Amino acid sequence: MMRKIKYFFISAAIISLSVILPASAQNCWTLDECLDYARENNIDIQRRLVEIEMQKANLNISNSAWLPSVGAALDGDVDFGKSAKLLGMSDLTDSRKNTFQATGSINASMPVFGGFRIKNQVESDRFLLEAATADLEKAKKDLGIQVATYYLQCLYYKSLVDVLRNQLEVSGNLVERSRVLVQEGRKPEADLAYAKAQFAEDEYNLKEAEGNSVIALMELAQLMNLESPDDFDVVDIEGERDIPLTSASEIYEESLASFPSIVSAENMIKSMERDVEVAKADYYPQLSLVAGVATGYNQIFGNELPSVYPMSLKDNLYEYAGLKLTFSIFNRNITKNKINRAKLQIDDRKLSLADARLNLRKEIQTAYTNAMVAQGERQSALKAVEATELSIMYEQERYESGRGNIFDLQSAMQKCLNAKMKAVQSKYEYLIRLRILDFYK
């Protein structure tokens, strides 16, 4: 009962899809086109691109720390009472009341020496940018493996549909031949019933494979973030490939220096080492060049100022330039703890690097071994197809001559079908394993 229900839904899906998607409307994509589209529209990759831009902004901020900073200030206040103080005048009479004063200044400062803080911060941010770039490449590789796997899975189901369609044609021919033999009285009615039952079985298998092919295309389209998979199809990969002569160890050694996860971990360590030097900068004195110009205006209400007291902005104008030296005497061991924390982060990153190298070695060994196994299975499957096709030929002759029965013929046909299905599976399994191995080179 469940099988009939499954058959009904798969048939409905195929029929509805055939109405919506005429064969002429199919838009066939190559593997490279799928990879390019997926990389352009993947959310994780877009986020990593944003992260790279953020790291570039941080690097620009660090580089700009060498530049002078310029600022302006304007102050105004009113003082009431005997304690009012005027710009440029240190002694005021007790009778002065209600004073207004305004000051304005333009100040500039530029770092001269800061314990190499800026230099190390720039290098740290540069290594973080390189790590973010490597993470982007790793994300692209991971997505590429996923897309290639789904793509080849689509090809597998399409090829399986072709195999089962041919099998259905063979079963149909057997039905017609059995009908003729029954009518001639050379075979019993049961042979025709068995042939029809096999035809129905093969028809169901074909519909199921067609449904799986539709689902596989939909899953690939969703992985690529296509808006609609309605007219989406894939192009078969032509030709056979062989496993490279290099061993898994050689592939590992070649990829060790350039594989994105390794490059990212190494750059993170370099960044943390620079962070230690940044933290050490607090032990050094900080020397800055400062300069500026300022002026002010004073007004007293109700009293007269001495004739020597300057009142105008021009009279109060003054400039200054000099060096500013600051250093920390005791900061509650903050600097010491910052250095220790940065060193611990380096140790953690070194462990991450060791783990990344170990994972890379395991992944390459697994990919290489899987490719070798798939290659062997592919060769065995092709031999099995050849042998079972020969077996069918013999059983067909025996059945036609009356020396054999339909059960032996159907058994030979089923073995040949299974061999062909395994051959298709082994072909794309082998291509998937080779494609995965390519991503580690």
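Owing to the predicted nature of the structure, the values given are computational and were not obtained by experimental measurement. Throughout, residue positions are numbered sequentially from 1 according to the sequence presented. Values below: all heavy atoms of this structure, side chains included; hydrogens, waters and symmetry mates excluded.
- Asp44 places a side-chain heavy atom less than 4.5 Å from the side chain of Arg48.
- In the displayed structure, Tyr194 atom OH is contacted under 6.0 Å by at most 12 heavy atoms of other residues, nucleotides or ligands.
- To the nearest 0.5 Å, atoms CG (Asp77) and OG1 (Thr103) are separated by 7.5 Å.
- Taken to the nearest 0.5 Å, the CG atom of Leu223 stands 9.5 Å off from the SG atom of Cys34.
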Subject >> Met272 vs Ile269, side chain to side chain contact (heavy atoms under 4.5 Å, CB included): CA-CA, chis, key distance, verdict >> reply: CA-CA 5 Å; Met272 296 299 177; Ile269 292 175; 5.7 Å; no
**OP:** Applying salt bridge (charged side-chain N to carboxylate O under 4.0 Å, His left out), run through Glu277 and Lys119 and close with a yes or a no.
**Re:** CA-CA 9 Å; Glu277 301 302 319; Lys119 172 179 176 294; over 6 Å; no
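- Atom CD of Glu227 is surrounded by 12 or fewer heavy atoms from other residues, nucleotides or ligands within 6.0 Å.
- Taking the ring centre of Phe116 as origin, the terminal cationic atom of Lys280 falls outside the region bounded by 6.0 Å and 45° from the ring axis.
- The side-chain heavy atoms of Glu429 and Arg378, taken from C-beta on, include no pair separated by under 4.5 Å.
- Side chains of Asp125 and Gln121: a donor-acceptor N/O pair is present below 3.5 angstrom, by distance only.
- The minimum heavy-atom distance between Gln46 and Glu40, with the atom names listed, is NE2-O, 3.2 Å.
- Between the side chains of Asp191 and Ser178, no donor-acceptor pair of N or O atoms lies under 3.5 Å.
- Looking at heavy atoms from C-beta onward, Ile364 lies out of side-chain contact with Phe259 at the 4.5 angstrom threshold.
- A salt bridge links Arg177 to Glu400: one of the charged nitrogens lies within less than 4.0 Å of a carboxylate oxygen.
- Side-chain atoms of Asn212 and Glu208 include no donor-acceptor pair closer than 3.5 Å.
- By the 30° and 60° cut-offs, the orientation of the rings of Phe113 relative to Tyr284 is perpendicular.
- Side-chain contact between Gln222 and Met218: present, with at least one pair of heavy atoms (C-beta onward) separated by less than 4.5 Å.
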**OP:** Could you give me the CA-CA distance, side-chain angles and deciding distance for Glu123 and Arg126, then say whether salt bridge (charged side-chain N to carboxylate O under 4.0 Å, His left out) is met?
**Re:** CA-CA 5 Å; Glu123 292 180 356; Arg126 183 177 293 111; 5.6 Å; no
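- For NZ of Lys141, the number of neighbouring non-hydrogen atoms (other residues, nucleotides, ligands) closer than 6.0 Å is greater than 12.
- For the residue pair Gln375/Gln379, the side-chain donor-acceptor check at 3.5 Å is not satisfied.
- Shown here is Tyr394, whose OH atom has no more than 12 heavy atoms of other residues, nucleotides or ligands within 6.0 Å.
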Subject >> Test log, rule side chain to side chain contact (heavy atoms under 4.5 Å, CB included), inputs Asp348 and Leu344 >> reply: CA-CA 6 Å; Asp348 180 69; Leu344 291 174; over 6 Å; no
**OP:** Begin with the C-alpha distance, continue with both residues' side-chain angles, and end with the deciding distance and a verdict on side chain to side chain contact (heavy atoms under 4.5 Å, CB included) for Val373 and Arg433.
**Re:** CA-CA 9 Å; Val373 172; Arg433 298 307 178 185; over 6 Å; no
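- Taking every heavy atom of both residues into account, Val385 and Ala423 meet most closely at CG2-CB, 3.8 Å.
- Looking only at side-chain heavy atoms (C-beta outward), Leu152 and Ile237 come within less than 4.5 Å of each other.
- Atom CE of Met54 has 12 or fewer neighbouring heavy atoms from other residues, nucleotides or ligands inside a 6.0 Å radius.
- Note: Lys158 NZ to Leu217 CG = 7.0 Å, rounded to the nearest 0.5 Å.
- Counted by atom type alone, Asp162 and Asn166 present zero donor-acceptor pairs between their side chains at under 3.5 Å.
- Salt bridge annotation for Glu386-Lys383: absent, with no cationic side-chain nitrogen under 4.0 angstrom from a carboxylate oxygen.
- Every residue two or more places apart in sequence or in another chain was checked for a salt bridge (Lys or Arg N to Asp or Glu O under 4.0 Å) with Glu319, and none qualifies.
- Atom OH of Tyr150 is surrounded by 12 or fewer heavy atoms from other residues, nucleotides or ligands within 6.0 Å.
- Remark: Ile392 CD1 to Lys415 NZ distance equals 11.0 Å, nearest 0.5 Å.
- Salt-bridge annotation for Lys56 and Glu53: present, with a side-chain N of the basic residue lying under 4.0 Å from a carboxylate O of the acidic one.
- Separating the CG atom in Leu360 from the OG atom in Ser261 is a distance of 5.5 Å, to the nearest 0.5 Å.
- There is no side-chain donor-acceptor pair under 3.5 Å between Gln146 and Asp142.
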**OP:** Starting from the C-alpha separation in whole Å, work towards a yes-or-no answer on salt bridge (charged side-chain N to carboxylate O under 4.0 Å, His left out) for Asp347 and Lys343.
**Re:** CA-CA 6 Å; Asp347 293 338; Lys343 290 181 177 179; over 6 Å; no
Original post:
Are Tyr320 and Ser105 close enough, and set up right, to give a side chain to side chain contact (heavy atoms under 4.5 Å, CB included), and what steps lead you there?
Top reply: CA-CA 11 Å; Tyr320 66 92; Ser105 63; over 6 Å; no
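- Heavy-atom neighbours of Tyr283 OH from other residues, nucleotides or ligands within 6.0 Å: above the threshold of 12.
- With contacts defined as side-chain heavy-atom distances shorter than 4.5 Å, the pair Thr388/Lys420 does not qualify.
- Look at Asp282 and Arg117 and you find a salt bridge, because one of the NZ, NE, NH1 or NH2 atoms lies within 4.0 Å of a carboxylate O, short of that distance.
- Contact of the Glu169 side chain with the Arg165 side chain is not registered, since no non-hydrogen atoms from C-beta on lie closer than 4.5 Å.
- Taking all atoms of both residues into account, the shortest heavy-atom contact from Ser271 to Ser124 is OG-OG, 2.9 Å.
- When all heavy atoms are compared, the tightest approach of Lys140 to Ile45 is CG-CD1, 3.8 Å.
- The residues Glu266 and Arg357 are annotated as salt-bridged, a charged nitrogen and a carboxylate oxygen being separated by less than 4.0 angstrom.
- With a 4.5 Å cut-off on side-chain heavy atoms, Ile436 and Ile432 count as touching.
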